[in-house]
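Keep in mind it's a predicted model, so treat the numbers as computed, not measured.
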Amino acid sequence: MSPLFSSTEECINEFTTMAESLYARKISHLTHQECFYALASLIAQKAKTQQAAILAHHDAHKVKDVYYFSLEFLIGPLLDNYLLNFGCRDVVKESCEKLGLNLDELVSLEVDPGLGNGGLGRLAACFLDSAAACGIRMHGMGMRYHYGLFRQVIEGGRQVEHMDNWLERGFPWERKRTSDAVLVPFGGHVERHDKDGRFWFTQEDAAYVKAVPYDVPIVGFGGETINNLRLWSAQPAEQNFNLAAFNAGNYAEAMRFRDDVEAISQILYPNDSGEHGRLLRLKQEYLFVCAGIHSILDTFEKEHGSAWDSLPQYVAIHTNDTHPALCGPELMRILVDEKDVEFSDAFEIARACVSYTNHTVMPEALECWPISVFRQLLPRTYMIIDEMDKRFHELINEKCANRQDLLAKTAMLWDDKVRMACVSMVFSHSVNGVSELHTKILERETLNGFYELWPEKFTNKTNGISHRRFLANANPSYAALISNAIGTGWLQDARELAKLSAFEHDAAFLEGFAQSKRINKARLSTYIEHACGVKLDPSMIFDVHVKRFHAYKRQLLSVFKILDIYARLKHHTGLHIEPTAFIFSGKAAQSYTYAKEVIRLINSVADVVNNDPEVSDLIKVAFVPNFAVSNAQYIYPACDISEQISWAGSEASGTSNMKLMMNGAHTLGTRDGANIEIAQLVGEDAIQLFGLNAKEVEDLRASGSYWAWDRYNRDRLRLGRIVDSLTDGSLAHLSGNFESIKDELFTNNDHDLVLADFYSYVEAWKNLTEHYTDAHAWNSEAVHNTAQSGYFSSDRTIREYARDIWHIGS
């Protein structure tokens, strides 16, 4: 590929031309925000031009396309990443300097697109990046949310949700494709048609919504492959403006139809605690599936005609969790009702195309919909699922002696619910877990019924992360040190990070690592002081627990550790610790009261600890609001201790554990998810593991011998005192006591085993931090973590998907 810019002069000319065409003013008269938008628009334009050139050489008869359906794509800011991938960051930086601009400042102005929330969405984004880097034609299919999940603000210690209007200043990377819009039907009734022995169905009196696509280019490293992320927006199919209501002054009624339709793509994860929210969520899931499948088939038909039996040869459809579970039924619906394909053949085609990644080990977390709601909103889709469920029952009758037990585990329609994980299993040829432990639990427990029927469907694909985003972009000082030592080949092939093993005891390299860590900790300290008013000393240990807030991720256990340390320091027990900053970040779902209370607890503990002069030089607590890709790129490089402490058997994989180890953090974790594979790679001496393992958790629950009250009463002076502090007023100054958290511990008998793992956890933390003063050994192990992290590149993961699931390449 030719360079994006042949010289700084060409870059300056094109940059200034773009800026002046957008704003009709000289670039020297523009704001920094306008300069950012002009630069991003220029890079986006060049990406689309390159993409068109690449497609012109695309041989449709030889290449298989993968369509990756996900309700979330947490892509993060794109400018800096695309400059890296195009190999033009240096020339753009020099051009900006000649124009009196600072590229780093412009890059920092890009907002986080509100298209995802947590690990699910970030995994999808990493996969898009890696597929393009590996030359795999993989296209994302998702929703274009007008507003993100929410912008998290902390007021009085509490999470407060504000509107995340991420599109307020425009999104320079997208291009609207009105000509590719799809009409999506909701409701109505189904009529059967029969002619010459062929039958098909139509959905009559349906309410149609227009799904309009917006395309975002996905630039692979080196720029040789540029794929596409297609985001769907809901718009009215017809302009049903109520003029009479408007003229009568009833403006809300006049706009009601448009507002109801546009609500479908207004916000990620509408609050589904009520019926309206659940219905909106189901509409979201069907809209992007229906529109996406139509889009795929339109493309296929233009390139291959109506050779539908060859569809699996050229098209792979991957569903990221159960939100896109309707891909299989929807593909069948279109093939049968619109493309003249026989019903059984349509099912075989759909199953051969569709594959499924499961992201949860907890049966109660698997998505279900009431049959009454589902059938009314999607009547034809329900008919297809119902028919296939009957055929599935017949299959079990033929194959299995334990029929009733197996049906209870595997039926798509059961207990008045449509079970989306079961739909995903029946309508796909492959299911994978996302870590070795997770996949084993799926086979043994969560999806065991399907494993009995189809063990060949199951495979493991341990998660990965974009090392270019989370090391090269996020940690430029360390990335430069690595490249100077081993060359730049690791940017293309993360396995080359293994060459760092030769530098694990190199004094000069370790000093460079230490300097890089100081730079990153100082940068994060500045950010935290600005974001939440807490001043941190960069010489402290930075102990980091950043992820979505959920009970099983056990942020509460982290808090109990801090309260234990605080109490022992206050009571002069002789405890010696290295000065430590405990850094938290993450969002709780709007309706998840318990998780929001834990956030309030963290901020209340911070208020007590940070304002206590007896201990504030030794421990500090900071909660970084509004966790996103952009501020995560400050946090990961600054971390010394990576907290990965979910109870064993609860976390499917995790990806923050990978991002943090790649940046040279020491993992403090349970034997859960991908922590196990990290331990296998780095060796158990280079990771601090603690607590019950998955088998011990299972046995403890099965025995019925665990009682939270016993743990509390056994040590009233230490663990009991921590629990009592939730309600004795000592943490109530900022916003009140925490009765609900204490109630959760005891009424649910400490389901998440916070008390069970407490002593093991605190002891493991103490063992780890005691080695911090041995800078050579600490930094050597940190570099060892980076050297072993190449396995966790999403490039490796996506190659495994391509080879084993999508059957692309060798």
Side-chain angles (χ1 to χ4, degrees), residues 536 540-547 549-571 573-586 597-610 612 615-616 618-623 639-648 656-657 660 665-670 672 675 687-692 708 711-712 714-715 717-726 730-731 738 741-742 744-745 750 752-772:
L536 301 181
M540 288 179 146
I541 296 174
F542 278 20
D543 180 314
V544 170
H545 197 161
V546 292
K547 53 187 70 219
F549 269 71
H550 198 288
Y552 79 84
K553 294 179 185 289
R554 297 205 294 191
Q555 285 92 349
L556 183 62
L557 182 56
S558 282
V559 177
F560 276 17
K561 175 190 66 187
I562 297 168
L563 288 172
D564 179 59
I565 294 167
Y566 176 65
R568 292 165 72 189
L569 290 173
K570 288 288 286 181
H571 289 86
T573 60
L575 174 68
H576 172 77
I577 67 165
E578 293 303 314
T580 303
F582 299 97
I583 299 167
F584 294 85
S585 194
E597 279 292 275
V598 174
I599 290 175
R600 185 171 73 88
L601 175 61
I602 290 168
N603 285 291
S604 294
V605 171
D607 181 64
V608 171
V609 169
N610 297 345
D612 188 335
V615 302
S616 58
L618 287 174
I619 55 174
K620 285 285 182 71
V621 181
F623 184 93
C639 173
D640 294 307
I641 296 176
S642 165
E643 299 270 358
Q644 308 296 331
I645 62 173
S646 53
W647 53 266
S656 68
N657 48 5
L660 289 159
H666 295 244
T667 304
L668 172 62
T670 49
D672 194 29
N675 293 352
I687 183 173
Q688 192 73 45
L689 297 173
F690 72 92
L692 302 169
R711 299 298 175 109
Y712 166 77
R714 194 176 298 166
D715 185 358
L717 291 179
R718 188 176 173 192
L719 183 55
R721 182 168 56 196
I722 293 168
V723 174
D724 288 343
S725 70
L726 297 172
S730 58
L731 301 173
F738 297 91
I741 294 178
K742 189 172 182 179
E744 181 72 19
L745 276 174
D750 187 21
D752 299 293
L753 303 174
V754 171
L755 306 184
D757 276 347
F758 170 77
Y759 292 102
S760 175
Y761 171 51
V762 174
E763 186 64 23
W765 180 85
K766 187 173 182 294
N767 289 340
L768 180 59
T769 55
E770 282 176 349
H771 295 97
Y772 184 71

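- Remark: side-chain polar atoms of R554 are paired, donor with acceptor, to backbone N or O of I645 under 3.5 angstrom.
- Using bins of under 30°, 30° to 60° and over 60° for the plane-to-plane angle, the ring pair F560/F758 lands in the perpendicular bin.
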* Asked: Between I577 and T769, does a side chain to side chain contact (heavy atoms under 4.5 Å, CB included) hold up when you go through it step by step?
  -> CA-CA 8 Å; I577 67 165; T769 55; 5.8 Å; no

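- Just one residue in the list W647, Y759, Y761 forms a ring pair (Phe, Tyr, Trp, His ring centres under 6.0 Å) with F690, and that residue is Y761.
- Salt-bridge formation is not detected for the pair E763/K766: no Lys NZ or Arg NE/NH1/NH2 atom is positioned less than 4.0 Å from an Asp or Glu carboxylate oxygen.
- Contact detail for D750 and A756: the closest heavy-atom pair is OD2-N, 3.7 Å.
- Of all heavy-atom pairs between Q688 and A764, the closest is CG-O, 3.4 Å.
- Counting only heavy atoms from C-beta outward, the side chains of L717 and H571 never approach each other to under 4.5 Å.
- Ion pair D543/K561 flagged as a salt bridge, since at least one NZ, NE, NH1 or NH2 atom sits closer than 4.0 Å to an Asp/Glu carboxylate oxygen.
- Here the CD1-CG distance, from I687 to L689, works out to 4.5 Å after rounding to the nearest 0.5 Å.
- In this structure, S760 and G691 approach most closely via the heavy-atom pair OG-N, 2.9 Å.
- Closest non-hydrogen pair, S646 versus T670, comes out as O-OG1, 2.5 Å.
- Side-chain atoms of Q644 and K547 form a donor-acceptor pair, as typed in the model, at a separation below 3.5 Å.
- The backbone N or O of R718 sits nowhere less than 3.5 Å from a side-chain atom of D564 that would complete a donor-acceptor pair.
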* To do: Verify side chain to side chain contact (heavy atoms under 4.5 Å, CB included) between L731 and L563, making sure each step is shown before the conclusion.
  => CA-CA 10 Å; L731 301 173; L563 288 172; 4.1 Å; yes

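- A salt bridge is defined here as a Lys NZ or Arg NE, NH1 or NH2 lying under 4.0 Å from an Asp or Glu carboxylate O, and D715 with R721 fails to meet this definition.
- What you find for N657 and S642 is that their closest heavy atoms are CA-OG, 4.3 Å.
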* Could you please spell out the steps behind the side chain to side chain contact (heavy atoms under 4.5 Å, CB included) verdict for L556 and E744? => CA-CA 11 Å; L556 183 62; E744 181 72 19; over 6 Å; no

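- Ring-centre distance between F623 and F584: not below the 6.0 Å cut-off.
- Rounding to the nearest 0.5 angstrom, the gap separating the CD1 atom in I641 from the CG atom in L660 is 11.5 Å.
- Considering only heavy atoms from C-beta on, V605 stays 4.5 Å or farther from Y566 through its side chain.
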* To do: Go through the steps to decide whether I565 and F582 satisfy the test side chain to side chain contact (heavy atoms under 4.5 Å, CB included), and finish with yes or no.
  => CA-CA 12 Å; I565 294 167; F582 299 97; 3.9 Å; yes

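- Separation of atoms CD1 (I583) and CD1 (I602) is listed at 12.5 Å; rounding is to 0.5 Å.
- Between atom CH2 of residue W765 and atom CD of residue E770 there is a gap of 9.5 Å, rounded to the nearest 0.5 Å.
- Judged by distance alone, the side chain of N610 and the main-chain N or O of A606 form a donor-acceptor pair under 3.5 Å.
- Rounded to the nearest 0.5 angstrom, F738 CZ and L601 CG are separated by 4.5 Å.
- Annotation: the span from L768 atom CG to L668 atom CG amounts to 6.0 Å, rounded to 0.5 Å.
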* Which is it for D724 and K742 under the salt bridge (charged side-chain N to carboxylate O under 4.0 Å, His left out) test, yes or no, and what are the steps along the way? -> CA-CA 8 Å; D724 288 343; K742 189 172 182 179; 3.6 Å; yes

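- Although no hydrogens or angles enter the test, the distance criterion places no donor-acceptor pair under 3.5 Å between the side chain of N675 and the main chain of G669.
- Counting all heavy atoms, side chain and backbone alike, H545 lies closest to Q555 at CE1-CA, 3.7 Å.
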